[in-house]
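A short worksheet on the structure shown next.
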Amino acid sequence: MEKNNIKVYEIRIKVYILRDIPLQEILATEAEFIDSALAQDQRWLEYHEVNQYKNYCFAGLYPIEKEGVYKKGNIYTITLRTVNVDLARYLSNILRNHYTDVIKGLTVENRILPKKIISEIYSLTPVIQKFDGYWKKQISIGGFERRLFENAVKKYDQYMGERIEENFQLYTNIIFLNRKPIANEYKGIRLLGDKISLKIADDVQAQEMAYFLLGTGLCEMNSRGYGYCNYRWV
């Protein structure tokens, strides 16, 4: 895979909600919707089950419900991104008619994110680093930043099929956007994460990596909906 050939595919799925969903359960409910679609095809079921970076991420339902409950009978949009063109094609085809006992797919729109100079990426869903408890009780902010960078490089290396030089600065500033940890329900446990903003460095590799991360998500558990980012161009 050549650097300049990376494309971020964005799929917007309009969905109909079949029962009320509390805010804390939104990402898990969306993940179940996507997982069950992958399970319809043997190739993508194996892709889902193998222990590797999945190279896709997705946002919470839109529009946001300020009262914290997404309502039965309403229509919302799930935005999913990936750098895997085959996965994008499969999900675009199947999700428009796919359903679970909570979510029913209606329509799908596709686009490729344009490549422009990125000034900032910021997470719309919590960024997760898995520890036995909240990361601030385990490591320093410097440790958090090292793990964030290493995770990004590992995803990129796996996707490119080769190791890149790591002596570059991905961002010039990091800002934590929440005052207290953000809780989400996942398999009966509460995951604590943060929303962050990264000012992206004016460097060819940093720009390439930032664009890539828009399709894969920041840090861990991206295929569960965590670390999905939006962007600002220069």
Side-chain angles (χ1 to χ4, degrees), residues 1-10 47 50-59 79-88 111-131 134-136 138-178 182 192-234:
M1 174 65 66
E2 295 180 9
K3 283 185 181 182
N4 292 334
N5 285 341
I6 292 176
K7 291 184 173 68
V8 174
Y9 303 92
E10 182 177 275
Y47 183 88
V50 72
N51 184 20
Q52 65 178 7
Y53 295 117
K54 300 301 191 292
N55 290 332
Y56 72 88
C57 56
F58 57 89
T79 302
L80 182 150
R81 295 200 194 120
T82 180
V83 292
N84 184 326
V85 63
D86 291 337
L87 179 61
R111 72 168 183 147
I112 296 173
L113 291 192
K115 283 190 177 180
K116 299 183 180 181
I117 297 175
I118 299 170
S119 64
E120 177 186 1
I121 64 174
Y122 54 97
S123 58
L124 295 183
T125 63
V127 168
I128 299 291
Q129 291 192 4
K130 288 189 288 186
F131 290 96
Y134 185 44
W135 70 267
K136 283 188 177 179
Q138 314 288 332
I139 57 172
S140 65
I141 289 180
F144 178 94
E145 292 189 71
R146 279 192 298 275
R147 187 156 166 163
L148 181 155
F149 181 79
E150 289 168 1
N151 175 273
V153 168
K154 286 177 182 177
K155 283 178 194 156
Y156 189 84
D157 286 351
Q158 176 188 282
Y159 179 75
M160 298 297 292
E162 60 183 23
R163 296 192 65 175
I164 61 168
E165 294 292 333
E166 298 181 23
N167 58 344
F168 71 96
Q169 185 178 13
L170 174 59
Y171 55 90
T172 59
N173 191 33
I174 180 171
I175 300 171
F176 288 83
L177 303 173
N178 50 291
I182 301 168
L192 298 177
D194 300 274
K195 291 186 179 180
I196 64 174
S197 169
L198 303 177
K199 300 293 185 183
I200 302 303
D202 184 15
D203 172 270
V204 172
Q205 186 62 66
Q207 288 290 319
E208 183 76 15
M209 182 71 78
Y211 180 77
F212 174 78
L213 290 170
L214 293 175
T216 63
L218 275 173
C219 290
E220 301 164 30
M221 300 185 68
N222 308 129
S223 65
R224 306 298 87 197
Y226 297 98
Y228 176 93
C229 292
N230 215 339
Y231 54 90
R232 289 188 176 93
W233 290 320
V234 170

(message) For a side-chain contact (heavy atoms from CB on, under 4.5 Å) check, start with the C-alpha distance between Q129 and I139, then their side-chain angles and the critical distance, and finish with the verdict.
(response) CA-CA 11 Å; Q129 291 192 4; I139 57 172; 3.8 Å; yes

Within the structure provided, determine whether [X] and [Y] are in side-chain contact (heavy-atom separation under 4.5 Å).
| X | Y | result |
| --- | --- | --- |
| I6 | Y211 | yes |
| K154 | Y53 | yes |
| L113 | L214 | yes |
| V127 | K195 | no |
| N84 | Y47 | yes |
| I196 | Y171 | no |
| Y228 | T79 | yes |
| M209 | V153 | yes |

Considering all heavy atoms, the nearest [X]-[Y] contact:
| X | Y | value |
| --- | --- | --- |
| G227 | T125 | N-OG1, 3.1 Å |
| G217 | C57 | N-SG, 3.6 Å |
| P126 | I182 | CG-CG2, 3.7 Å |
| F58 | S223 | CE2-O, 3.4 Å |

Rounded to the nearest 0.5 Å, what's the gap from [atom1] on [X] to [atom2] on [Y]? Could you check?
| X | Y | atom1 | atom2 | result |
| --- | --- | --- | --- | --- |
| N5 | M160 | CG | CE | 8.5 Å |
| I200 | E208 | CD1 | CD | 12.5 Å |
| L218 | N151 | CG | CG | 8.0 Å |
| I141 | K136 | CD1 | NZ | 6.0 Å |
| L198 | I121 | CG | CD1 | 5.0 Å |
| K130 | E220 | NZ | CD | 6.0 Å |

(request) Could you tell me which residues satisfy side-chain contact (heavy atoms from CB on, under 4.5 Å) with T216, sequence neighbours excluded, listed by chain and number? (result) N55, V83, K155, F212, L213

(request) Is it possible for you to check whether R147 lies under 6.0 Å from the centre of the six-membered ring of F131, through NZ or CZ, and within 45° of that ring's axis? (result) yes

(request) Using the six-membered ring of Y122, assess whether NZ or CZ of R232 lies under 6.0 Å from its centre and within 45 degrees of the ring axis. (result) yes

(request) For Q207 and I118, indicate whether the former's side chain and the latter's backbone hold a donor-acceptor pair under 3.5 Å. (result) yes

(message) Donor-acceptor pair, distance only, cut-off 3.5 Å: does the side chain of S123 make one with the backbone of C229?
(response) no

[X], [atom1]: over 12 other non-hydrogen atoms inside 6.0 angstrom:
| X | atom1 | value |
| --- | --- | --- |
| Q52 | CD | yes |
| I117 | CD1 | no |
| D157 | CG | yes |

(request) Look at the aromatic rings of W233 and Y231 and report parallel, tilted or perpendicular, splitting at 30° and 60°. (result) tilted

(request) Could you tell me if the ring centre of F149 sits under 6.0 Å from that of F168? (result) yes

(request) May I ask you to check whether F176 and W135 place their ring centers less than 6.0 Å from one another? (result) yes

(request) Begin from the C-alpha positions of E145 and I174 and carry the test side-chain contact (heavy atoms from CB on, under 4.5 Å) through to its verdict. (result) CA-CA 9 Å; E145 292 189 71; I174 180 171; 3.7 Å; yes

(message) Does C219 form a side-chain contact (heavy atoms from CB on, under 4.5 Å) with I128? I'd like the steps, not just the answer.
(response) CA-CA 6 Å; C219 290; I128 299 291; 5.8 Å; no

(request) Verify side-chain contact (heavy atoms from CB on, under 4.5 Å) between F144 and R146, making sure each step is shown before the conclusion. (result) CA-CA 6 Å; F144 178 94; R146 279 192 298 275; over 6 Å; no

